[in-house]
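I'd like to ask you about the structure that follows.
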Amino acid sequence: MLNVEVYKVGPLETNCYLLQDMKTNKCAIVDPGGISSKLDKRIDQIGKENFEYILITHGHFDHIRKAEHYGKRTGARIAIGSKEKEFTKDRSLNLAERSSPKFFKEFEPDVLLEDGSTIKLGEIEVKVMHTPGHTIGGVVFLVDDMVFTGDTLMRGTIGNVGFKTGNMAEMLLSLRKLYSLKGDYIIYPGHGDVSNLNYEKQNNLYFRKASK
Ligand SMILES: [Zn+2]
């Protein structure tokens, strides 16, 4: 069973998630865009040796800024979509230059994720789905009936497609893939409140448009 905790990090209140396999204690951190003292406490509690991955939904600075910090602190490997590799170095791509360049330090990811690949977290399987649109190599992470959507799909809305590598046509195709998931899913977005697939099907205009 997967335990999920959310920590709001950084000036843009990014949702940073702690994923923990309750059976084996193995953990991952999703989108550490900033430092959280509460998360730090939890890492010490759980034991840093149990942290296996830093999972990145996409390479914007508010999602990756402290990836290397938490990677080093725990020994976890940093995983990002293969088409997003340059975002960990390029301040123009990751938007750090227009936001807070002095707080961003470039880094090398350890694992490049492809569409359909899976990651093992203890006994839990994390599936990777490539969802370009907000950025070219953005991914979402699926675990059981949960999906960590980053800035692709958020409660009642979607991420901005106006940044470098953003593309509305690709976004609609990505939303369509999410729309086609069978059954309901809890949506853990990159910003804002938790949602679910059924709510979005009824209330999210972009999501509805993507299904047509
Ligand atoms: Zn973003």
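Read the numbers this way: they start at 1 and go in the same order the structure lists the ligands and their atoms.
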Query raised in the report: At the Zn ion (ligand 1), what angle lies between atom NE2 of His58 and atom NE2 of His134, rounded to 10 degrees?
Result: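 Reported to 10°, the angle equals 100°.
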
Query - Identified side chain to side chain contact (heavy atoms under 4.5 Å, CB included) counterpart of Phe104 within the set Lys66, Glu97, Arg91 - result: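 The side chain to side chain contact (heavy atoms under 4.5 Å, CB included) with Phe104 is passed solely by Arg91 among Lys66, Glu97, Arg91.
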
Requested in this report: Using 2.8 Å as a strict upper limit, say whether an N, O or S atom of His60 approaches the Zn ion (ligand 1) that closely.
Outcome: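 Yes.
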
Show the atom names and distances, to 0.1 Å, of all donor-acceptor pairs under 3.5 Å that link a side chain in residues 142-150 to residues at least two apart or in another chain.
unit_1, atom_1, unit_2, atom_2, d
Thr149, OG1, Leu153, O, 2.6

Requested in this report: May I have the step-by-step check of ring-ring contact (aromatic ring centres under 6.0 Å, His included) for His63 and His134, ending in yes or no?
Outcome: CA-CA 13 Å; His63 294 254; His134 178 60; 7.5 Å; no

Query raised in the report: Can you name the N/O/S atom of Asp151 that is nearest the Zn ion (ligand 1)?
Result: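 For Asp151, the N, O or S atom at the smallest distance from the Zn ion (ligand 1) is OD2.
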
Requested in this report: Go through the steps to decide whether Arg42 and Glu5 satisfy the test salt bridge (Lys or Arg N to Asp or Glu O under 4.0 Å), and finish with yes or no.
Outcome: CA-CA 10 Å; Arg42 286 292 282 136; Glu5 294 168 20; 2.8 Å; yes

